[in-house]
S.K.: 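Take a look at this one; I'll ask things after.
All residue numbers in this chain count up from 1 along the given sequence. Since the structure is predicted, the reported quantities are computational estimates derived from the model, not experimental observations.
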Amino acid sequence: MAGPATHALVIGVGAYPHLNGGTAKRTADHDGMEQLTSPPISAREFAAWLISEFHHPDKPLASVALLLSEAAPTPFVDPTDGAKSFAVAEATSKNVEDAIKAFFKRGDQDVGNQLIFYFCGHGIGQGTDTALLLADYGQDELNALRGAIDFRILRLGMNRCKAANQIYFVDACRSSTDTLIEAAGNAGLVVIGAGPRPHGLEPRRAPVFYATHNGFKAYALPGQATIFTEALLKGLRDLGADDDMGDWRVTTGKLQTAVEHVAERAAADIEKRQVPTADDVSNFYLTFIKDIPDALVYVVSNPPDAIDTASLSFQLAGGALINAPVAGRKPQLWALQLPSGDYEFTAVFGAKPPQKVRNHVHPTFRQVTIAVPP
């Protein structure tokens, strides 16, 4: 494709033959890690979003490379044409190394290119080092990390690629392990050596979105996409959008706000603590949204406990009146997801007169407080 374009590399690793529960000899450097079901699901969903929903008029999608490691490998079905399916390469260190080099070369064709890197699987961290574990992690008995990618060095090496806009999504734990502590600086394969940016090119924007803080775990329910990827997709589809340019666009800065907010709440719902974080978040437009995006709306009362016996209705300007559901309402909070726009919210507290509040709803979220009448 001539001119600026978007290229993506998507990796999901769930089957680890040499970790606990695997199909081959277990590595001594397993650090308690087991098989995963969520990463292949998450990577497939992210790739499907790219192919069917990503939209950037100035940097159209030109390529998506998908590599997976799953217990029962299956083809990837084109989300835009269910009749088409494609064999998926296994996410081994050799295949991933080749894919990264090809990814670099595609990005290097034009300084206006945009690169999207996504990894979901086991990760381990120590200080500034992060190792992304691939399907053959532990295969080499004397160097388990031969089956991992040194992410810090990879990102430094990608500075040599001409593409000025690069974004990295790392959906993995970053727990400290004995393996990295004792590895003396070895955090996996160095696919592209670190080096300076070619002279004369504009500075690179390369934010990294991590599923969790350094030293902490990331979570998922078995057989479902991860908390981070679900939050990421919600941000890309709706909650990371803004209309400051007259149309709806997802910016990297707004996306971080959305992902952190959604993932932290989702983790709390399963009684876990997970707070995504990011490095070097410089703002650029990642994707455009064709329709009006949804926003999260939290309706509370003043005083807070009055909402327990209240009823709520709301309507978009010019729209029909809608009664908010009571079943499943969280204590002292109505959590809604509504299309952006101007709304009127009406709460009835027992026999007291209805209370109306007008508010503009806009991504990522809006809190609406309704006071109880005297």
Side-chain angles (χ1 to χ4, degrees), residues 1-13 43-44 46-51 54-69 76 78 86-121 130-136 145-171 187-209 252 279-280 282 284-287:
M1 176 179 289
T6 296
H7 300 275
L9 174 56
V10 180
I11 304 166
V13 190
R44 286 175 180 273
F46 187 75
W49 171 82
L50 282 164
I51 294 168
F54 174 86
H55 173 62
H56 198 308
D58 301 321
K59 304 175 192 290
L61 185 68
S63 67
V64 178
L66 175 65
L67 298 95
L68 300 172
S69 174
F76 176 79
D78 186 338
F86 306 90
V88 181
E90 187 180 7
T92 62
S93 53
K94 176 62 169 65
N95 288 343
V96 170
E97 182 177 11
D98 290 345
I100 289 174
K101 290 178 179 178
F103 183 59
F104 180 101
K105 291 178 180 178
R106 288 193 289 269
D108 204 44
Q109 293 172 0
D110 194 306
V111 69
N113 282 344
Q114 175 173 258
L115 297 182
I116 300 174
F117 175 92
Y118 171 97
F119 173 87
C120 188
T130 297
L132 307 181
L133 308 192
L134 305 174
D136 52 342
L145 287 165
R146 183 185 289 273
I149 296 295
D150 186 326
F151 177 69
R152 182 179 67 87
I153 299 300
L154 170 63
R155 183 163 165 262
L156 290 174
M158 289 296 293
N159 189 46
R160 298 162 57 184
C161 179
K162 290 179 182 177
N165 288 358
Q166 303 175 17
I167 189 164
Y168 298 83
F169 300 111
V170 177
D171 190 355
L189 289 173
V190 175
V191 179
I192 302 168
R197 189 152 179 78
H199 180 71
L201 293 184
E202 63 179 277
R204 179 182 66 148
R205 293 182 175 91
V208 183
F209 289 66
T252 50
D279 289 342
D280 297 335
S282 52
F284 59 86
Y285 298 111
L286 175 60
T287 185

S.K.: Checking N113 now: which residues fulfil side-chain hydrogen bond (donor to acceptor under 3.5 Å, both in side chains) with it, not counting sequence neighbours?
M.R.: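 For N113, no residue satisfies side-chain hydrogen bond (donor to acceptor under 3.5 Å, both in side chains) once neighbours in sequence are set aside.
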S.K.: Sub-3.5 Å donor-acceptor pair from the side chain of T252 to the main-chain atoms of S282, do we have one?
M.R.: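 Pair found, side chain donor or acceptor close to backbone of S282.
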S.K.: Could you pull out all residues at least two apart from Y168 that satisfy side-chain hydrogen bond (donor to acceptor under 3.5 Å, both in side chains)?
M.R.: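 Listed in chain order: Q166.
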S.K.: In chain order, what residues pass the side-chain hydrogen bond (donor to acceptor under 3.5 Å, both in side chains) check against N95, with sequence neighbours excluded?
M.R.: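 Once residues adjacent in sequence are excluded, the partners of N95 under the side-chain hydrogen bond (donor to acceptor under 3.5 Å, both in side chains) criterion are T92.
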S.K.: Considering non-hydrogen atoms only, spot the tightest contact between A91 and G12 and give its length.
M.R.: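 Result for this residue pair: CB-O, 4.5 Å.
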S.K.: Run the side-chain contact (heavy atoms from CB on, under 4.5 Å) check on D280 and V208 step by step: do they pass?
M.R.: CA-CA 7 Å; D280 297 335; V208 183; over 6 Å; no
S.K.: Please identify each residue that fulfils salt bridge (charged side-chain N to carboxylate O under 4.0 Å, His left out) with K105, with sequence neighbours left out.
M.R.: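 Partners of K105 by the salt bridge (charged side-chain N to carboxylate O under 4.0 Å, His left out) criterion come out as none, since no residue qualifies.
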S.K.: Under the side-chain contact (heavy atoms from CB on, under 4.5 Å) criterion, do F169 and I116 qualify, and how do the steps go?
M.R.: CA-CA 8 Å; F169 300 111; I116 300 174; 4.0 Å; yes
S.K.: Checking R197 side chain against C161 main chain: does a donor-acceptor pair fall under 3.5 Å?
M.R.: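 Flag set: sc R197 to bb C161 pair under 3.5 Å.
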S.K.: Which atoms form the tightest heavy-atom contact between L156 and A194, and what is the distance?
M.R.: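 Looks like CB-CB, 3.8 Å.
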S.K.: Is the F103 ring parallel, tilted or perpendicular to the F117 ring (thresholds 30°, 60°)?
M.R.: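 The arrangement is tilted - the two ring planes meet at 30° to 60°.
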S.K.: With sequence neighbours excluded, tell me which residues meet side-chain contact (heavy atoms from CB on, under 4.5 Å) with V88.
M.R.: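 By the side-chain contact (heavy atoms from CB on, under 4.5 Å) rule, V88 matches L66, L68, F76.
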S.K.: Give a yes or no answer on whether the side chain of K59 reaches the backbone of G112 with a donor-acceptor pair at less than 3.5 Å.
M.R.: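 Flag set: sc K59 to bb G112 pair under 3.5 Å.
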S.K.: Mind checking what makes side-chain hydrogen bond (donor to acceptor under 3.5 Å, both in side chains) contact with D279, not counting sequence neighbours?
M.R.: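 Result, side-chain hydrogen bond (donor to acceptor under 3.5 Å, both in side chains) vs D279: none returned.
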